[in-house]
There are 2 protein chains.
Amino acid sequence: MKRKMTIQEIARLAGVSKATVSRVLNNRGGVSPETRRKVEEVIKLYSYTPNLVARGLSLKKTGSIGLIVAHTAERLSSHLFFIEFLRGISAVLDERGFRLIVATAESEDRYETSCRSMAEGGVVDGVVVLGVRRNDKRLRHFLRAGIPVVTVGRPIGFPRVDYVDVDNAGGARVATEYLLRLGHEEILFINGPEGHTASLARERGYRRAHRALKREVDGELIVYGDFSFESGYETVRRFLVRGRVPSAVFAASDLAAMGAITAFKEAGIRVGNEVSVVGFDDIPYAHFFDPPLTTVRQPIYEMGKEAGRILLLRLEEGTGPERLYKVFPTQLIVRESTIRS
Amino acid sequence: MKRKMTIQEIARLAGVSKATVSRVLNNRGGVSPETRRKVEEVIKLYSYTPNLVARGLSLKKTGSIGLIVAHTAERLSSHLFFIEFLRGISAVLDERGFRLIVATAESEDRYETSCRSMAEGGVVDGVVVLGVRRNDKRLRHFLRAGIPVVTVGRPIGFPRVDYVDVDNAGGARVATEYLLRLGHEEILFINGPEGHTASLARERGYRRAHRALKREVDGELIVYGDFSFESGYETVRRFLVRGRVPSAVFAASDLAAMGAITAFKEAGIRVGNEVSVVGFDDIPYAHFFDPPLTTVRQPIYEMGKEAGRILLLRLEEGTGPERLYKVFPTQLIVRESTIRS
DNA sequence: CCCTTTGCTGTAACCGGTTTCAAGCAAAGT
DNA sequence: ACTTTGCTTGAAACCGGTTACAGCAAAGGG
C-alpha cells in the first residue's frame, strides 16, 4: 500500500512541470512527442491516476450525478421500479465515466438535509428525481442552486424542467377501456400515492376511459395506495369485508395487483374467472404469477437510459432554452388475470 | 439563481477572515461570542453552505462511501437483496452525513474501470462490496489503494478484511435437516452462483445436514443458478422433463423457490402437498405466495446497517489490528410450501 | 540578417476550503 | 510598571489538480 502519488511527484520524476503532466493526462496539444512519451512512461511506471476530487474542484465539475429517490414511504414496487431504472441510468452514465450518488433517507427531515447538501455542497453536476410530485419542494433546492434536473414523471409546476415519462394517462385509459369493454361495470382503481404526478395522470386516464364509453365514475372506487403489495391486498380486503365485490381491479403497480389477487384468492374468489385484475409495470415475474397477470408495460430500463442521456446532454450543451423530454408509450399485455364479465 | 457564495465572500461581508468563518462553520473554539454571532448571521442571511468538494480536498476525506454491486449477471433476487441492503446502509450513513456512491456496470471491463476509478480517484473514503467471491479481484484494488473495505459475505482469501455475513451454512443446514426429517430423500438444491462465498457456505450446510442424518449426497442434485426466478423455474423443468421428480427443493433464494414452485404447478404437481419447497431470504411477499413459502429468513436490512456501522468505525478508529465482523443468525420460517413426505 | 511566427515548456494564479503559526491585546500576576 | 498568560484573530501555506500567460528557442519570410 504505497502512498498515493500526486501530479507534482510525477512531474519531478519525469523532469517536467505539473502543467506538462496535466497536458499529457488530458491529451491536450502542445507537448512534444518525446516529452509526452517520457511522461507517459513515468505515469505507467508508478501507475499514477489523478485525484478526481482535486480535478473536480479545479474544473467545477464533479463527474457525479445524484439519483434522488423518493423517501421510503413508497415501498417495494417503487423499489422494483428503482432497480430497473438504476440499471438503465447506470448503463449510460458509466459509459461516460460519471458516478452515481444515490440519496435515500428514512425520515423526512434527514431526506431534506440530504437533498440540500447535494444541491448546495457542489458534489453533483446534475440530478435525477424519482417520484416527483406537483410543486415538489426538492426541485426548488436544485434549481435555486443552478443544478440541472431531470425528473421521472412530468414535473407539474416546473414548465422548464427536463423529464422522461411514460404515457400514464394513455396506459391507464387503455387498461380501463379494456376492462369496461369486457363488461365490467365496477372497476376498483388502486392508485399510487396522492399527489404523485404519475397517480394524477393515471387517474385522468381512468376517468377518460369512462367518459369515452359513457359511464359514470364512482369516486369511492378510486383509492390511493403506495404501489405496495400490501396496499393492494388491504384495499381489496376492505371492500370484501364491507360486502362490496368489485367486478374488476385496476392497480397502479403489479405488486398491488398481486396483493389484490391474493386477497381475492383468500376470499375464495377466482381471479381470471369471476373477477378481473390488471396491473401496471410488467415486472419480470408478472407472467409467472398465478394467474399470469394482465398488465400495462412500461419500459423502465429505457427510461433510465433516456434520463441519463438527457441529463448528460444538458450538462454538455449548457442551458438551452428548450425543454428536453421524452414520453414513452405503454403497452397493454393481456394474460390470464382478466375475463369477460 | 444567485451564484454560489464562497467562504471568502462571507468573510468579507462579516468583516473577518476566512479562517474565522471556517472556525465558526466547524464549531471550533477560539472565537469570541460576538464574532461568532456576527458570522452566523451573515451565513444565515446568504444561506451559505460550504463547498464539500473543496472541504474534501483539504481534509482528504470525501464523505462518500462506495457500494460495489456485483455486476449485472445476478438478476432480480440479488436485486431485492440489494434494495433492502441499500435501505439499511443508507439509514446509518446519512445519519452521519455520508453519501453513497453506487457502482454498477453492464459489462465486465466497464465494471473494472469503475472500480479502479473509485479505488484510485480518491472519491470515496471506504467501500462495501456485495456478492464477494473467493480471491475477489476487486478487493485487491481497494486494499492496494489503502481504502477500507467491508464485504458482505465472508471474504475468503482476505483474512484481515472486515465483513458482515449471515450464517449461511447454519441456515442451509437447518433447512435441509428440516426437509430430511420430513422424510424427503431426494432434495434438489438450487444454489447461487458458483464461486460466490454464500453459495459455498450454503452447500456446506446442505452436505452437513446429510452427514448428520447419515444420508448420502447425490451430486447431481446440486445445481448452480443465479438466484433468479428463472433459474429456479428452469432447473425444475429440466428435472421434470427428464422424468426425475425430486421430492423436495431447497433454493438459495425465495425467487428461485417461487420459480421452482411455478414449474411444479405447471406440471400439475401440488407444492405443499406432493412436494416441498424451501426458499432463502424471506422477502416481503414470501408469505403471500401461493402456497405461502417456507423459507430461511436473513436480516438483510440489519446487515446493511451493520456494514455501514463497521465501515464508519474503521474510518474513525483508523486501522486497528483486529478484524471487525458480524455474522447474523438465520431463522427457519415454516409456512405451507413444505409437507411430510 | 533581422523580425515575426510557431511550438514547447514552466511559472504562477486559481478552485474553496482547513490549519498552523505568530501577532495583537486585555487581564492577571509580581 | 513590566512580564506573563490566555484568548481572539488574520496571514499564509496547503490539499492536488487546471490553465492563462509569458518566455524562449527554432523555423520561416522578406
Side-chain angles (χ1 to χ4, degrees), chain A residues 3-40 42-43 46-64 97 117 119-125 145-146, chain B residues 2-40 42-43 46-64 97 117 120-125 145-146:
Chain A
R3 211 176 55 57
K4 194 75 174 69
M5 292 240 122
T6 71
I7 199 173
Q8 185 62 269
E9 297 170 294
I10 295 296
R12 195 172 44 72
L13 288 164
V16 298
S17 72
K18 296 200 312 181
T20 300
V21 178
S22 175
R23 284 189 271 259
V24 171
L25 281 173
N26 300 293
N27 281 314
R28 294 252 179 296
V31 180
S32 76
E34 66 236 274
T35 308
R36 178 177 297 272
R37 203 187 39 65
K38 188 174 53 181
V39 172
E40 279 169 347
V42 177
I43 287 176
Y46 292 90
S47 65
Y48 162 77
T49 54
N51 179 316
L52 298 177
V53 174
R55 172 178 284 174
L57 179 57
S58 189
L59 295 179
K60 290 161 171 288
K61 297 193 174 178
T62 64
S64 298
S117 96
E120 295 163 4
V123 293
V124 293
D125 296 339
Chain B
K2 42 191 183 315
R3 211 175 53 57
K4 194 78 172 73
M5 292 241 122
T6 70
I7 198 173
Q8 185 61 270
E9 297 171 292
I10 296 296
R12 196 171 43 70
L13 289 163
V16 298
S17 72
K18 298 201 310 181
T20 300
V21 178
S22 176
R23 282 189 272 259
V24 171
L25 281 173
N26 299 293
N27 280 315
R28 294 253 179 295
V31 181
S32 75
E34 65 237 272
T35 308
R36 178 176 297 273
R37 204 188 38 67
K38 187 175 53 181
V39 172
E40 278 169 347
V42 176
I43 287 176
Y46 293 89
S47 64
Y48 162 77
T49 55
N51 179 316
L52 298 177
V53 175
R55 172 178 285 175
L57 178 58
S58 189
L59 295 179
K60 291 162 171 288
K61 296 193 174 178
T62 64
S64 298
S117 96
E120 296 163 5
V123 292
V124 293
D125 297 338

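A, B, ... follow the sequence lines: proteins, then strands. Residue 1 opens every chain. Note that these values count all heavy atoms, side chains included, but never hydrogens, waters or copies made by symmetry.
Straight-line distance from the CG atom of A:L57 to the P atom of C:dA13: 18 Å, rounded to whole Å. Spacing between atom CD of B:Q8 and atom C1' of D:dA11 amounts to 11 Å, rounded to whole angstrom units. The distance from atom CD of B:E9 to atom C1' of C:dG17 is 13 Å, rounded to the nearest whole Å. Note: CG (B:N27) to C1' (C:dG17) measures 16 Å, nearest angstrom. To the nearest angstrom, C1' of C:dT18 lies 8 Å from CZ of B:R28. Going from atom NZ of A:K4 over to atom C1' of D:dG17 covers 11 Å, rounded to whole Å. If you take CG of A:L25 and P of D:dT19, they are 12 Å apart, rounded to a whole angstrom. One atom, CZ of A:R12, and another, P of D:dG17, lie 14 Å apart when rounded to the nearest Å.
Close to D:dG16, at under 4.0 Å from its OP1 or OP2, lies a side-chain N or O of B:K60. Residue B:N26 places at least one side-chain N or O closer than 4.0 Å to OP1 or OP2 of C:dT18. The phosphate of D:dT8 (OP1 or OP2) has no side-chain N or O of B:T35 nearer than 4.0 angstrom. A:Y48 has a side-chain polar atom (N or O) that falls below the 4.0 Å cut-off from OP1 or OP2 of D:dG17. Distances shown here put a side-chain N or O of A:S17 below 4.0 Å from the OP1 or OP2 atom of C:dG10.
Residue B:S32 is classed as a sugar-phosphate contact, given heavy-atom separations below 4.0 Å to backbone atoms only. Among the heavy atoms of the strands, none lies under 4.0 Å from A:G121. Nucleic acid contact class of A:T20 (heavy atoms, under 4.0 Å, all strands): sugar-phosphate only. Contact annotation for B:V16: backbone-only contact, meaning every heavy-atom pair under 4.0 Å involves sugar-phosphate atoms and none involves a base. Within 4.0 Å (heavy atoms only), B:V31 reaches sugar-phosphate atoms of the nucleic acid but no base atom. Among the heavy atoms of the strands lying under 4.0 Å from B:R23 is at least one base atom, whether or not backbone atoms are also near. At a threshold of 4.0 angstrom between heavy atoms, the contacts of B:L59 are confined to the sugar-phosphate backbone, with no base atom among them.
When atom types are taken as modelled, the side chain of A:K4 and the backbone of A:T49 share a donor-acceptor pair closer than 3.5 angstrom. The main-chain N or O of B:T6 is found under 3.5 Å from a side-chain atom of B:E9 such that the two form a donor-acceptor pair. Panel note: side chain B:T62, backbone B:V123; a donor-acceptor pair is recorded below 3.5 Å.
Residue B:S58 places a side-chain atom within donor-acceptor reach of the base of C:dG17, judged by atom type and a 3.5 Å distance cut-off alone. Within 3.5 Å, no donor on the side chain of B:K18 pairs with an acceptor on the base of D:dG10, nor the reverse.
Using a 4.5 Å cut-off on side-chain heavy atoms (C-beta onward), B:Y48 and B:V42 make no contact.
Distance check, rounded to the nearest 0.5 Å: OG of A:S22 to CD1 of A:I10 gives 13.0 Å.
Side chain of A:T6, nearest nucleotide from D:dG17, C:dC8, C:dG16: D:dG17.
Taking each heavy atom of A:A11 and A:K18 in turn, the nearest pair found is CB-N, 3.6 Å.
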